[in-house]
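What follows is a single structure, written as C-alpha cells, with notes after it.
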Amino acid sequence: MLQILLVDDERSVVETLAETIPWESCGIGTVHEALSGKLALEMMENHDIDIVISDIRMPEISGIALITEIHKRWPHVQTILLSGHADFEYAKQAMAQESFDYLLKPVSDEDLIESVQRLVSRIQNKWETAASYQRALNAFQDNLPLLQSTMLHELLTGKTYDQKTLTDKLELLELPYTIGEDLAMLIIRMEEHFSEMGSSDIALMEYAICNIINEVVQDYFHIWHTRDVHDYIVVLVSVKDPSKMFSNKHETPQTMLEHYAAQIQTNVQAYLKGAISISVSHWGEFPSEIGEIYERLVISMRKWMGQVQGLFVTASDEKNVPSLHTIRSLYKPPTLISLLEAGRFQDAELKIEQIFEELLHSNEYHDIAESTIEVYYALAGAFTYIIHKNGKQLSSILPVESYRYFQAPSYSTTKQLMDWSIRTLHYIRDDAEQELKDNHSTIVRSVQSFVDLHLASDVSLPAIADHVHLHPVYLSKVYKAETGEALTAYVYRLRMEKAAYYLRTSTAKIFEISELVGYNNTAYFIRVFKKYYDVTPQEYRESLPV
C-alpha cells in the first residue's frame, strides 16, 4: 500500500480529507498530515511518501514551491495541487512542475477519489513495469553463462554475424573479445571415470573443470567455453594484456598457454580424480578463423581416439597436418536437411548453389574428386531423409534417371552432379506442393459438405473451423486461395441459391424458407435476398413461369 501526505495551512481541511476519504479503497495504506510546506519537507525526509496533495496558497512556502522542491529531491514522488482560485496561471505552473493533477477547491470527494485512484494506478503500473524489467534482467544474468556457451557453439558450427551485430552481441553477453584479435583454443576430452557418469554429473564435472581452467589462466587469458557435439569442452582463449604478460623475452602466448594446459591437466587429475586429454591450437584471428582452428583440433583429437588416455597435443605436434578442404557450406547452419524440413525450397536451392560454388573454388587448392564424393553423399542423404520422413519411397517421387543416381552415382563432372541435385530438389518440392494442394482440396470439400448439411443451423466461421480442426484465420486463407471466393461469401451465396431453389420447387411459406437457409429473422432474410436478386422472395416466386 502507498503512503500519502496531505499539506494545507488550514487544519480543518487536512483533518477532513484524512478522515472522510476512504483512502484504503484508493490503494493508500498510510495518511500523513502537514500544516505547512516546511513541515511537509521534514515529513518527506522521515517517511517514504509516494503521493503529496498540497494546497497552493500557503504562507512561507507555496504549493508550487513545495512541489518544485519535492520533484528536485524526490523525483519519484507524484503530486496533486488544490487551489481555491480558478486562476489559469496556477494551473500553468502546476503543469510546468509536472504535477499529476490540478483540482479546484472546494473539491468534491468523488473528484479527489477519482484523481487519486488514477494516480495510484499509474504508480502501480510504473513499478510493475520496473519489476518486470528487473525480473528480465535477473533472468538474463542467471542465464548469461548458458547464452555465452550457446553463442560460442553457434560460431563453432559456422554461424556468422555482420560486424555490428557481432560487436553488439559480444557487449551484451559481457564477452571481452574484439573482431580481429588473436585467439587460440583448447579442446578437452573427459576420460576414465568421467565418461561413465550420468549427464547431470558430467555437467557438474564440466563446471568444475572450467573453474580449474579459469583459476589457472585468469591472470593472463580471457576464456570462453562451451561443450560441442562430440562432448568435448571447447575453450576459446585470448590474451588479456600483452604488455604485462611476459616475464622474459623467450615467453610467447603459445608457450604460456601450453604450460597452463599441462597444469590444468595435472590439477584435474589431482583434484577431480579423473583423466582428461587436451589439444592446444595455434593462434588465429577472431572470429574468421574459429571454424578452421576448431576443425584442426577435432581432427587432432580424433586421431588418437581409443588409443591414448591423458593425451596432451600442442600446435607444434600437428605441423604436418594437411590443410583442411572440407566443404564447410555442407554443414554450416541452416543445413540442407533443416531447410527441407521447413519447406524452404528456394533457400534450399540457394544452399545447393553455395555448396557447389565452394566445391568448385576448392579445386584451386587440391584434387576435387574426394570433396565431390563428400558432397554427393551429403546431398543424397538429405534427399533420402526428407522423402522417407514424408512417408514415401524414392521411386514414387523421382523419375527413373534421377532414381538411378541413388543406386549408382553416374556423374562424370561436378556440373552434372549439381544439375542432378537441383532436379531432385525440384521433384521433392513439386511433390510437396501437390500434396499440399490435394490436402487443401480435401479441406474445401469438407467445408462445403458441412455447410450444405448444416445450412439451417450454425455455419459460422468458428463452427466450420472447429469441424475441420483448423484455425479460423488459416481456414479462411486456404479456402480463398483454393476457390478464389471468401468463405463467408460462399455461405451467403449458397443460402441465396438454396432459398431460390425452395421458392421454385416448393410451396413453403417465406418464413419457413428463411429458417431452412439459416435466417431466424424473416424481415432480414427478405432484405438480404432482395440485395442478392434485386427482388423480394415473393416477387421472385411470382415471376416464375406457371
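Computed from a predicted structure; not experimentally measured.
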Within the structure provided, determine whether Tyr331 and Thr335 are in side-chain contact (heavy-atom separation under 4.5 Å). no
Under 3.5 Å, is there a donor-acceptor pair linking the side chains of Gln254 and Glu258? yes
Taking NZ, NE, NH1 and NH2 as the nitrogens, is one of them in Lys38 or Glu60 under 4.0 Å from a carboxylate oxygen of the other? no
Are Asp219 and Lys240 ion-paired here, with the side-chain N under 4.0 Å from a carboxylate O? no
Does the side chain of Thr522 reach to within under 4.5 Å of the side chain of Glu515, using non-hydrogen atoms? no
Test ring pair (Phe, Tyr, Trp, His ring centres under 6.0 Å) applied to Tyr492 - qualifying residues, sequence neighbours left out: Tyr532
When you measure from the centre of the six-membered ring of Tyr519, is the NZ or CZ of Arg495 closer than 6.0 Å and no more than 45° off the axis? yes
Roughly how far apart are Lys159 NZ and Leu166 CG, rounded to 0.5 Å? 11.0 Å
Under the ring pair (Phe, Tyr, Trp, His ring centres under 6.0 Å) rule, what pairs show up with a residue in residues 27-69, not counting sequence neighbours? His32-His47
Between NZ on residue Lys169 and CD on residue Gln148, distance to nearest 0.5 Å: 11.5 Å
CG of Leu186 to CD1 of Ile264: how many Å apart, nearest 0.5 Å? 6.0 Å
Test side chain to side chain contact (heavy atoms under 4.5 Å, CB included) applied to Leu66 and Leu41, step by step: CA-CA 8 Å; Leu66 175 62; Leu41 291 174; 3.7 Å; yes
Less than 4.5 Å apart, any side-chain heavy atom of His76 and any of Trp74? yes
Would you say Phe286 and Asp182 make side-chain contact, with heavy atoms under 4.5 Å? no
Would you say the side-chain atoms of Tyr161 and Glu154 include a donor-acceptor pair closer than 3.5 Å? yes
Pairs in or reaching into residues 340-349: which pass side-chain hydrogen bond (donor to acceptor under 3.5 Å, both in side chains), with residues at least two apart or in two chains? Glu341-Tyr385, Glu341-Lys389, Arg344-Asp347, Glu349-His426
Only counting residues at least two apart or in another chain, list the ones meeting salt bridge (Lys or Arg N to Asp or Glu O under 4.0 Å) with Glu45. Arg73
How about Val14 and Leu35: do any of their side-chain heavy atoms sit closer than 4.5 Å? yes
Side-chain donor/acceptor pairs under 3.5 Å, residues 21-30, sequence neighbours excluded:
{"from": "Trp23", "atom 1": "NE1", "to": "Leu17", "atom 2": "O", "distance (Å)": "3.0"}
{"from": "Trp23", "atom 1": "NE1", "to": "Ala18", "atom 2": "O", "distance (Å)": "3.4"}
{"from": "Ser25", "atom 1": "OG", "to": "Pro22", "atom 2": "O", "distance (Å)": "2.7"}

Checking side-chain polar atoms at under 3.5 Å, does Asp111 have a donor or acceptor matched by the opposite partner on Ser108? yes
Once you measure the plane-to-plane angle for Tyr260 and Tyr220, does it fall in the parallel (<30°), tilted (30-60°) or perpendicular (>60°) bin? parallel
State, yes or no, whether a side-chain contact exists between Ile464 and Leu475 at a heavy-atom distance under 4.5 Å. yes
Can you tell me how far the CD atom of Glu292 sits from the OG atom of Ser288, to the nearest 0.5 Å? 9.0 Å
What is the distance from atom CD1 of Ile56 to atom CD1 of Ile64, rounded to the nearest 0.5 Å? 4.5 Å
Using only heavy-atom distances, determine whether the side chains of Ser329 and Glu358 contain a donor-acceptor pair under 3.5 Å. yes
With sequence neighbours left out, what residues match His225 under ring pair (Phe, Tyr, Trp, His ring centres under 6.0 Å)? none
Taking every heavy atom of Val7 against every heavy atom of Ser36, the minimum-distance pair comes out as CG1-O, 3.7 Å
Looking at CH2 of Trp224 and CD of Glu174, how far apart are the two atoms once the value is rounded to the nearest 0.5 Å? 13.0 Å
